[in-house]
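Please read the structure below before turning to the comments.
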Amino acid sequence: MHYPIANAPAPGTVTAVAPGVFWLRMPLPFVLNHINLWLLEDGDGWTIVDCGFATDEARGCWEQIFAQQLQGKPVKRVIVTHFHPDHIGLCNWLCEKHGVMPWMTKSEFLQAHNVLARGAGADRDSVRELMTAHGLDAPRLKWIDERENLYPRGVPGLPGAHRRLRDNESFAIGAHSWRVVVGHGHSPEHASLYCEALGLFIAGDMLLPRISTNVSVWPTEPEADPVGDFLASLTRYAALPPDTLVLPSHGLPFRGLHARVDALHEHHRTRLNSVTEACRTPQTAVDVLPVLFDRKFDDHHLLFAMGEAIAHLNYLMHRGSLRRTADRNGHYTFLRTEKV
Ligand SMILES: [Zn+2]
């Protein structure tokens with residue numbers, strides 16, 4: 001893999017990555033401390049891709065960019081890759097400010113509203129129920145009740161309407177045509193954008209250079225197979241030309257997407273093999289955490305780690321390599337079958 005631009009832009013400034021395509025970076029109040037956003041020249045205006053987590057600091061970065069980088073032209077369009085708060089956070093603020101609607105897929109739009117309203121699966125009881133079924137005990141569940149819901153902090157509001165993005169649709173941004181490439185496994189209907197003429201792929205969270213994308217099972221769909229969905233999506237990205245410059249939401253822009261796709265396939269294959277091996281005796285999702293991760297988790301990250309553990313177990317269960325059994329309390333264990 002090759003990183004043609006070694007230095008990320010300072011907050012509030014931009015770096016050109018291709019003619020008319022600019023890279024922005026905004027702070028995040030997490031261990032993962034930044035997100036990349038994209039600003040595209042769009043004829044007599046601009047298109048923004050992703051919005052940033054709602055902090056005063058991020059609003060300040062945007063204000064600085066509006067004052068210094070737009071050459072007096074308006075923002076005509078805001079595109080959102082998916083509903084996670086670092087991506088959609090300031091969407092409402094940006095859309096109100098510029099009098100536009102967000103362009104995003106329907107599932108991401110609806111899921112954002114659902115989570116903000118603490119609707120299906122986004123309430124504490126649903127999370128507790130899923131985690132209990134997969135082996136977390138009472139003391140480790142206590143934090144769920146005490147946990148702050150980060151979503152409204154990062155996403156203080158949402159637009160009531162959207163312009164729907166559909167898989168494979170193409171539209172012009174300025175002089176060039178961009179195609180929507182929908183991916184699954186990380187969020188319900190994640191939109192990436194590909195421009196053949198510029199050789200650019202705005203990957204969102206689906207293809208990151210160093211960290212592996214989180215693929216978790218959540219309470220709304222306990223039988224989901226996000227690992228399978230994610231691996232299938234990777235196969236689609238592998239059809240893009242080898243010299244494509246990938247613009248990821250975290251880390252640096254890179255070339256070498258085939259090497260990255262192969263490494264991610266290998267990463268999940270190794271983890272799936274380790275889980276299968278561990279399940280020679282009955283295992284819960286909690287039991288396989290140390291098989292999948294070589295570190296301990298704080299409460300917030302434990303939720304994502306559990307989601308990933310269940311995701312790997314579900315993948316193997318759906319393919320017949322593991323059999324799931326529930327005890328009389330509804331607690332699941334997974335055991336290896338002959339079919340591996
Ligand atoms: Zn995400």
Side-chain angles (χ1 to χ4, degrees), residues 20-21 36-43 45-51 75-92 94-95 98-116 119-120 155 158-208 213 215 218 220-221 224-226 228-241 244-249 257 261:
V21 180
N36 301 323
L37 314 172
W38 313 97
L39 179 66
L40 284 75
E41 264 186 317
D42 192 359
W46 296 92
T47 282
I48 288 170
V49 181
D50 279 342
C51 308
V75 172
K76 297 200 306 189
R77 176 159 49 195
V78 173
I79 298 174
V80 181
T81 57
H82 65 298
F83 83 97
H84 291 162
D86 41 341
H87 299 260
I88 203 172
L90 283 172
C91 175
N92 198 42
L94 288 169
C95 287
H98 298 287
V100 298
M101 263 189 298
W103 289 41
M104 55 194 298
T105 66
K106 193 172 209 62
S107 305
E108 300 292 339
F109 176 76
L110 294 175
Q111 180 63 349
H113 276 277
N114 177 53
V115 173
L116 190 60
V155 191
L158 285 168
H162 72 304
R163 192 288 199 185
R164 183 176 182 179
L165 287 180
R166 293 170 190 271
D167 190 24
N168 269 323
E169 86 167 289
S170 293
F171 51 87
I173 302 177
H176 301 293
S177 176
W178 289 77
R179 178 163 59 87
V180 177
V181 185
V182 163
H184 304 279
H186 175 66
S187 66
E189 197 185 356
H190 181 293
S192 303
L193 295 166
Y194 175 61
C195 178
E196 188 177 7
L198 293 171
L200 293 179
F201 183 56
I202 297 179
D205 276 352
M206 289 297 286
L207 201 54
L208 302 174
T213 298
V215 281
W218 299 106
T220 40
E221 199 185 348
D225 175 23
D229 292 341
F230 181 70
L231 296 178
S233 300
L234 286 183
T235 303
R236 289 193 75 188
Y237 310 146
L240 300 175
T244 303
L245 181 63
V246 180
L247 306 180
S249 292
L257 74 96
V261 164

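Each residue takes its place number in the sequence, starting with 1. Bear in mind the structure is a predicted one, so any value in this text is a computation, not a measurement.
Atom OG in Ser107 sits 11.5 Å away from atom CG in Asn114 (nearest 0.5 Å). Interatomic distance, CD of Glu41 versus CH2 of Trp46, reported as 4.0 Å (0.5 Å rounding). Going from atom OH of Tyr194 over to atom OG of Ser170 covers 11.0 Å, rounded to the nearest 0.5 Å.
The ring pair (Phe, Tyr, Trp, His ring centres under 6.0 Å) search around Tyr237 returns Phe201, not counting sequence neighbours. A search for side chain to side chain contact (heavy atoms under 4.5 Å, CB included) contacts involving Asp42 returns Thr47, Lys76, Arg77, Ile173, not counting sequence neighbours. In this structure, Ala175 has no side chain to side chain contact (heavy atoms under 4.5 Å, CB included) partners at least two apart in sequence or on a different chain. Scored by the ring pair (Phe, Tyr, Trp, His ring centres under 6.0 Å) test, Phe83 finds no partners at all (sequence neighbours excluded). Listed by chain and residue number, His82, His84 satisfy the ring pair (Phe, Tyr, Trp, His ring centres under 6.0 Å) test with His186 (two or more places apart in sequence, or in another chain).
The shortest side-chain heavy-atom distance between Met206 and Ser233 falls under the 4.5 Å cut-off.
Residue Leu90 comes nearest to Cys51 through the heavy atom pair CB-O, 3.6 Å, listed as atom of the first residue, atom of the second, then distance. Shown here for Met104 and Ile88, the closest heavy-atom pair between the two residues is CE-CD1, 3.5 Å. Taking all atoms of both residues into account, the shortest heavy-atom contact from Cys195 to His176 is SG-CB, 3.7 Å. In plain terms, the two heavy atoms of Pro241 and Leu257 that are nearest each other are O-CD2, 3.7 Å. For Ser187 against Glu108, the heavy-atom pair with the smallest separation is OG-OE2, 2.8 Å. Heavy atoms only, all atoms of each residue included: Leu208 and Ser249 are closest at CD2-N, 3.9 Å.
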Intermediate values then yes/no, side chain to side chain contact (heavy atoms under 4.5 Å, CB included), Ile79 and Trp178: CA-CA 12 Å; Ile79 298 174; Trp178 289 77; over 6 Å; no

Audit row: Asp50, Val80, side chain to side chain contact (heavy atoms under 4.5 Å, CB included) steps and yes/no: CA-CA 5 Å; Asp50 279 342; Val80 181; 4.0 Å; yes

Steps toward side chain to side chain contact (heavy atoms under 4.5 Å, CB included) verdict (Ser192, Ile202): CA-CA 6 Å; Ser192 303; Ile202 297 179; 6.0 Å; no

Criterion side chain to side chain contact (heavy atoms under 4.5 Å, CB included) on Leu207 and Leu234, from CA distance to verdict: CA-CA 8 Å; Leu207 201 54; Leu234 286 183; 3.9 Å; yes

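Of the residues listed (Leu37, Leu40, Asn36, Leu247), the one engaging Val49 in a side chain to side chain contact (heavy atoms under 4.5 Å, CB included) is Leu40, and it is the only one. Results of the side chain to side chain contact (heavy atoms under 4.5 Å, CB included) test with Thr105 over Asp167, Leu165, Thr81 single out Leu165 as the only residue that passes.
Counting non-hydrogen atoms of neighbouring residues, nucleotides and ligands closer than 6.0 angstrom, the CZ atom of Arg164 exceeds 12 such neighbours.
Screening residues 169-195 for salt bridge (charged side-chain N to carboxylate O under 4.0 Å, His left out) gives Arg163-Glu169 as the qualifying pairs, with residues at least two apart or on separate chains.
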